[in-house]
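All values below come from the heavy atoms of this structure, side chains included, with hydrogens, waters and symmetry mates left out.
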Amino acid sequence: MAETAIVKVPFLWEGKDTKGKKVKGKAMAGDEASVRADLRRQGVVPTRIRKERQSMFAKKAKITTGDIAVFSRQLATMLAAGIPLVQSFEIVGSGHENAAMQQLILAIKTDVEGGASLAEALGKHPIYFDDLFVNLVESGEQAGALETLLDKIATYKEKTEAIKKKIKKALTYPMAVLAVALIVTVILLIFVIPAFEDLFQGFGADLPSFTRMVIDLSLFVRQKGWILAIAIGGGISAFLYFKKRSRTLRQNLDRLALKAPIVGPIMSKAAIARFSRTLSTMFAAGVPLVEALESVAGATGNIVFEEAVLDMRDEVATGQRLQQSMEVSGLFPNMVIQMIAVGEESGSLDAMSAKVADFYEEEVDNAVDNLSALLEPMIMAILGVLVGGLVVAMYLPIFKMGSVV
């Protein structure tokens, strides 16, 4: 117990192997003595051991869901190639670029070496390995098909991660462009418009209403813009704070997202894809349907779908068919319900769920691509109105004076 609590840091070592050949490498350990002892067990005589210097960025490295997806695929590939589990951890962990991920992998390796099962070792890190991951690994260990289950987990993680990235890309691009447009507008209002204002003071004539309005806006931003910035920043911070802690707020936001005119269908298709992919993976692993639905609920990524799936679980537990409970929820298209019904009738629920997941993952890809194509001209129009409007407002007095002349 005490050994697993030791904080491990990376060490760089140099030494000679049994043939006298110079070798070097990297190891995670609690202290130099542990590295030296481990090297001697491997038949290496260490000549130099030192702590690896890490930059500030390396210390702040975080483990992402993408790192877990890649780790799952690497481990599945290693086991499929016949490499022992502990050695697989050593290879994957030592070669990982993310220091935090490297430390996590080698900590799991230490637990496995100490006699813990892989599921137990993963279960000690619930932040990175959820119940779904741990339960599937446990099923694989019990059935003697760990490499097969890890391959399914890797595929599942890769598919769900791809959907997340697609949706983030669709939402991030327009927000980033609009943010740049806002920054450019503020710069124009603070630095450029005042120069024109000084120029216009010598005209000795009334300015057009549009120009006057822009100058007044520039004056407000220069004098009281900091108040507006604090108010907006405070509002966003309060929103994020309550969103993280209020399930009711998240539920309302998720419901609103599903009803949104353009984004709503994409969010709904993504939730159905995650539902189908998780159900297929769990059922293929031999997990009972009722137990599988509990894990499926949390994987949908939307509270409205999550609560609907939990209701479906309760109905299935009382003997009702999954198809009927899906119809009652009102969230699933008829095609999905019919394919699930065929899967239940034929005893191939995992295969039919996988087909549904493949179809809706492709639908999400196409919808995101179409959304990007649709948003590009809209964003250009918004940029034109913001920046072009300011430019026109500043040149209106010049045009007016030219017409008088």
Side-chain angles (χ1 to χ4, degrees), residues 1-11 13 15 17-18 25-46 49 51-52 63 65 67-96 98-154 156-157 281-282 284-288 291 295:
M1 296 291 289
E3 187 178 355
T4 58
I6 296 175
V7 177
K8 296 185 177 182
V9 294
F11 284 86
W13 58 265
D17 60 13
T18 53
K26 184 177 179 179
M28 298 292 294
D31 51 35
E32 184 178 327
S34 299
V35 179
R36 194 176 298 277
D38 188 48
L39 290 174
R40 284 174 177 166
R41 283 196 296 268
Q42 298 176 35
V44 176
V45 178
I49 299 174
K51 281 186 180 181
E52 182 184 28
I63 298 174
T65 52
D67 290 328
I68 300 299
V70 172
F71 161 72
S72 304
R73 174 58 63 196
Q74 288 176 325
L75 192 58
T77 303
M78 294 272 182
L79 292 178
I83 300 174
L85 182 61
V86 173
Q87 188 177 348
S88 298
F89 276 115
E90 181 69 36
I91 295 171
V92 174
S94 299
H96 212 288
N98 187 332
M101 189 66 192
Q102 183 183 86
Q103 188 167 346
L104 173 64
I105 294 172
L106 296 182
I108 296 170
K109 167 183 168 278
T110 301
D111 289 334
V112 173
E113 283 180 320
S117 67
L118 179 57
E120 291 172 343
L122 296 175
K124 292 182 179 181
H125 310 278
I127 297 177
Y128 310 116
F129 303 100
D130 55 16
D131 291 339
L132 171 62
F133 198 115
V134 175
N135 291 339
L136 288 174
V137 168
E138 186 176 10
S139 299
E141 287 182 307
Q142 292 175 352
L146 181 58
E147 64 182 64
T148 302
L149 263 296
L150 279 172
D151 181 70
K152 291 183 182 296
I153 293 171
Y156 164 75
K157 287 286 183 182
T281 305
M282 294 289 287
V287 179
E291 186 179 336
S295 297

Review point. How about M282 and L132: do any of their side-chain heavy atoms sit closer than 4.5 Å?
Key: yes
**Study point:** Q74 CD to D67 CG distance, which is reported to the nearest 0.5 Å
**Key:** 9.5 Å
Review point. Taking all atoms of both residues into account, what is the closest heavy-atom pair of I108 and A121, and its distance?
Key: CG2-CB, 3.7 Å
**Study point:** Value rounded to 0.5 Å, distance of CG in D38 from CD in E90
**Key:** 7.0 Å
Exercise for review: Start with the C-alpha gap between V137 and L146, add the side-chain angles, then the distance that decides, and say whether side chain to side chain contact (heavy atoms under 4.5 Å, CB included) holds.
Suggested key: CA-CA 7 Å; V137 168; L146 181 58; 4.0 Å; yes
**Study point:** Test item: K109 and I105 side chains (from C-beta on) under 4.5 Å apart, heavy atoms
**Key:** no
Practice item. Kindly indicate whether the side chain of D111, heavy atoms from C-beta on, has any atom under 4.5 Å from the side chain of F89. Key: no
Exercise for review: With the side chain counted from C-beta on, respond yes when L75 and L85 share a heavy-atom pair under 4.5 Å apart, and no when they do not.
Suggested key: yes
Exercise for review: Please tell me if the side chains of N135 and V287 come closer than 4.5 Å, counting only heavy atoms from C-beta onward.
Suggested key: no
Practice item. Check whether any side-chain heavy atom of D151 lies under 4.5 Å from a side-chain heavy atom of E147, and answer yes or no. Key: no
Exercise for review: Check S88 against L79 and note the closest heavy-atom contact, atom names and distance.
Suggested key: OG-CD2, 4.1 Å
Exercise for review: Could you walk me through whether K157 and F133 pass the side chain to side chain contact (heavy atoms under 4.5 Å, CB included) test, one step at a time?
Suggested key: CA-CA 9 Å; K157 287 286 183 182; F133 198 115; 3.6 Å; yes
Review point. Is a donor on one side and an acceptor on the other found under 3.5 Å between the side chain of E120 and the backbone of S117?
Key: yes
Review point. Any side-chain heavy atom of L104 within less than 4.5 Å of one from F129?
Key: yes
Practice item. Give a yes or no on whether the backbone of V86 and the side-chain of E113 come within a donor-acceptor separation of less than 3.5 Å. Key: no
Review point. Any side-chain heavy atom of L136 within less than 4.5 Å of one from Y156?
Key: no
